[in-house]
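Starting from 1, each residue takes its place in the sequence as its number. Keep in mind it's a predicted model, so treat the numbers as computed, not measured.
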Amino acid sequence: MIKHLVHLVRYRIPTSKDVFHPVSNVWQHIANYHSRGLSAKGWLWVIVAFFAPAVQAHPHSWIEMKTYIEGGDGMITGFRMEWSFDAMTSAYMLDGEDVSPENEQETFRKLSASVLENMKYEHYFTYFYDGDSPVKYRVAHSEKLTRDRSRLVLSFELPLSTPRAVTRDTLRLLIFEPSYYVDMAWKQEADVVLSDALARQCKLELIEPNPTSEQMSYAMSLPADADPDNALGQLFTQTVKIYCASIPAALGTSKEQ
């Protein structure tokens, strides 16, 4: 069974007794949808749904992402991830942990290693396709957990099992938690970054999700302790499409020197 991302850190999933979203968080989430270009009709559904009791709604946790696409010489070799958890989730992740000044770094090291180990069995919530064929990864590494004010930031490296040649228009990347308990999003296209070498021949397009009003209403009716609906997350996820032009081998080599 797919686990909620927050559950990969803690021993249990928070229930409606544990989770409380103040009105400011509601407006923040509405603003997030507005920044993604939601239509006026979609706006109305967000406002109506969110002023129901806030614990009766998916998502319950938010991650803002930055993704660095690594590679060169016409090959993608992997991804470098930075995931910033919302303040409430960050506090929940550290609940009961020793974050005294002398022990915080060791606690962060253990937490980051635990999260990465558990995510290994969930494909790191990262789905990279060449056409309809999924691209496989090696084991992620170089995990690190840091603080950014009230937010925790998890960074790690995710190498591909073998380098993947760039193509004209068949590569796409999605990162999402399947049950939509956790919303994972890039705030802007600039949060997905090509390596300098790849940027010479490739460009990116960030495509926003387009859920129906019925799908939004259904997601926002789900309480925190609802059984996971693992078909839900993909309806609300962004897609990064990668478009690349071919570069003659000699030209590509000369630029690298």
Enquirer: When you check the side-chain N and O atoms of W62 and T89, is any donor under 3.5 Å from an acceptor?
Expert: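 The criterion, which ignores hydrogens and geometry beyond distance, is not satisfied for T89 and W62.
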
Enquirer: Taking the six-membered ring for Trp and the single ring otherwise, decide whether the centroids of F176 and Y127 are under 6.0 Å apart.
Expert: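 Ring centroids of F176 and Y127 are less than 6.0 Å from each other.
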
Enquirer: Does R172 make a cation-pi contact with Y129, if we ask for NZ or CZ under 6.0 Å from the ring centre and within 45° of the axis?
Expert: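 The answer is yes, since R172 meets both limits relative to Y129.
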
Enquirer: Would a hydrophobic clustering, with Ile, Leu, Val, Met, Phe, Trp and Tyr connected at side-chain separations under 4.5 Å, put L158 with M65?
Expert: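 Yes, same cluster.
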
Enquirer: Just by distance, with hydrogens left out, do Y218 and D229 show a side-chain donor and acceptor under 3.5 Å apart?
Expert: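 Distance-only check passes for Y218 and D229.
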
Enquirer: Do we see a donor-acceptor contact under 3.5 Å between the side chains of E177 and S179?
Expert: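 The criterion, which ignores hydrogens and geometry beyond distance, is satisfied for S179 and E177.
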
Enquirer: I need the full list of salt bridge (Lys or Arg N to Asp or Glu O under 4.0 Å) pairs touching residues 141-150, with sequence neighbours left out, sorted by first then second residue.
Expert: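 Matches after skipping sequence neighbours: E104-R147.
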
Enquirer: Could you tell me if the side chain of L152 sits less than 4.5 Å from the side chain of L94, heavy atoms only?
Expert: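 Counting from C-beta outward, L94 and L152 do come under 4.5 Å.
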
Enquirer: What do you reckon, are the aromatic ring centroids of F79 and F128 less than 6.0 Å apart?
Expert: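 For F79 and F128, the ring centres are under 6.0 Å apart.
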
Enquirer: Do I242 and Y137 belong together in a cluster built from hydrophobic side chains that touch within less than 4.5 Å?
Expert: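 Linked within one cluster.
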
Enquirer: Check whether more than 12 heavy atoms from other residues, nucleotides or ligands sit under 6.0 Å from atom CD of Q234, and answer yes or no.
Expert: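 No, CD of Q234 has 12 or fewer neighbouring heavy atoms, counting only those of other groups under 6.0 Å.
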
Enquirer: Evaluate the criterion side chain to side chain contact (heavy atoms under 4.5 Å, CB included) for residue pair L160 and K136; output intermediate values, then yes/no.
Expert: CA-CA 6 Å; L160 303 185; K136 296 182 179 180; over 6 Å; no

Enquirer: Mind checking whether Y180 and F236 have parallel, tilted or perpendicular rings, split at 30° and 60°?
Expert: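 Ring orientation of Y180 relative to F236: parallel.
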
Enquirer: Within the 3.5 Å criterion, strictly below it, is a donor on S133 or D130 matched to an acceptor on the partner's side chain?
Expert: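 No, no side-chain donor-acceptor contact under 3.5 Å.
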
Enquirer: If you group Ile, Leu, Val, Met, Phe, Trp and Tyr by side-chain heavy-atom gaps below 4.5 Å, do L204 and W186 land in one group?
Expert: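 Yes, same cluster.
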
Enquirer: Could you measure the distance from the CG atom of L116 to the CG atom of L145? Nearest 0.5 Å is fine.
Expert: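 Here the interatomic distance stands at 11.0 Å.
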
Enquirer: Set out, in order, the CA-CA distance, both residues' side-chain angles and the distance that settles salt bridge (Lys or Arg N to Asp or Glu O under 4.0 Å) for K110 and E97, then state yes or no.
Expert: CA-CA 10 Å; K110 291 179 179 179; E97 301 290 346; over 6 Å; no

